[in-house]
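Shown next, in structure tokens, is the structure this report addresses.
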Amino acid sequence: MSATFLPIGTTDEIGDACYLLTLNGTTLMLDAGVHPQKEGWKSIPEFHLAEGRDIDAILISHCHLDHLGALPIALAHFPHASVLMSEASAVLAPVMLHHTASVMHRRQADGASEAPLYTHDQIDLIDYVFQGMKPHQPFPVFNLDKWDNDLQAQFFDAGHILGASGIWIQGPETTVFYTGDTAYHEQEILPGAKYPEGLVDVLITESTLGADPSAENNRRKDVVQHFARSITEVVQRDGNVLIPAFSLGRTQEMLATLHRLRNEDQIPDVDIYTAGFGDVVSNLYDRTVKYTRRRDPDLRLKNLDILSLPPGDVRRGAHLSRPSIILVSSGMMTEGTMSYRLAEVMLPDPRHGIFFVGYVDPDMPGYQILAHKNEETLQLVPEGPDIPVECTVQRFHFSAHSHRRHLLHLVDRLSPRQVILIHGERGAEGWLRESIQNQHPEIDVVIGEKGREISIG
Ligand SMILES: [Zn+2]
Ligand SMILES: [Zn+2]
């Protein structure tokens, strides 16, 4: 097999993304993520499946932790691999990894049985090898034994979040495009993805929204209007709006959206609050503005009129004593986080609204809130107190992933001989496989499986 693909992390849901791609004797690792719903050593890819292979380079598509979080462990296994990512990802990656180490240390201090996977010192020992590459410019990838560069690679802006890239790799015989997480549509801050002009032999694509028929009909403009109307209703009855959001990507997009809506009088003139690690990431969105694609190159998040939540107990303070909008992590309301503690006090009050704007896993407290029936009490965590639910709970589909019709268009456009589906539930991957095969019976469509190496090209 001169060209092969081997997933060594989760492929049948959103988990620890990590794939080995071998072209012409050079082996690349695409992404090195942690599973967001697992802890400790259970959350990382099975690096032992890569034993006996020389990994020449690790290419990181973007800095969400399901793609980046296991990089320090990957480098412990393969210390001489070069590490390549987009310029903006190289700014974000050390910050995201240090934040992850802090969270793991805090969890250990709170009594978690798992030791942290890595320490701040270990990150300091590796982050100087992260190479930030300019998007849309080809660069050589060296084979460390032959000291040869018969592979070329290129990062294509993938929309999604700051720095996110699709990765194009060209070997002497085979051309591969890996989408990473991709958003074809524009968001509030980031424009939509750019894709290679030419054709490819193998397309490796995410499948996140493959089982979601509603996503393809959701027009962003309609979602934003509905969101604005719902905020207005809460504020008019003297309530507060809580928006739980992920720190990287969704927080910045929502801050810019809320600020614009308030400026355009589409929502009332109330204070907008934020806090925590999302602020650190917002700062990096500003710092990288000159060399990343933006819809409005003049927009600076630090110039928006957004307030910081006062320090101390988030369940008390000026932000709750009059109508306001509070945008904080965590997006899925992990126990003990700011959004979790605010939800505890807001759920029983009919004036308030809790608005979800991103993915929520069924095991998380946020999902309990979304799934509850009116007039019932609710336990956010097993054996937690019964909380009456009186406030409004709504979900808005602000996606940072391409919907499934856009993924099918990408297949049409790149005209691959083979498509490998990863990063989605089995139902999502199944729908995409069937749809691609119906339209293009000549394409070999494979659903990636952890531990199963396939021949590609
Ligand atoms: Zn992502
Ligand atoms: Zn992902």
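Whatever order the structure lists ligands and atoms in, that order sets their numbers, starting from 1.
Nearest to the Zn ion (ligand 2), among the N, O or S atoms that D66 has, is OD2. Closest N/O/S atom of H62 to the Zn ion (ligand 1): NE2. Within D181, the N, O or S atom at minimum distance from the Zn ion (ligand 1) carries the name OD2.
A distance-only check finds a donor-acceptor pair linking the side chain of S207 to the backbone of I422 [under 3.5 Å].
Considering only heavy atoms from C-beta on, L23 comes within 4.5 Å of I456 through its side chain.
At least one N/O/S atom of H64, whether from backbone or side chain, sits less than 2.8 Å from the Zn ion (ligand 1). Among the atoms of H160, an N, O or S atom falls under 2.8 Å from the Zn ion (ligand 1).
Draw a line from the Zn ion (ligand 2) to NE2 of H423 and another to NE2 of H67, and the angle between them is 100° (to 10°).
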Practice problem: Take S214 and D212 through the test side-chain hydrogen bond (donor to acceptor under 3.5 Å, both in side chains) and record every step on the way to the result. | Solution: CA-CA 5 Å; S214 64; D212 188 350; 2.6 Å; yes
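We find that E253 and R250 are not joined by a salt bridge, their nearest charged nitrogen and carboxylate oxygen being 4.0 Å or further apart. Between R426 and E13 no salt bridge is recorded (no basic side-chain N to carboxylate O distance below 4.0 Å).
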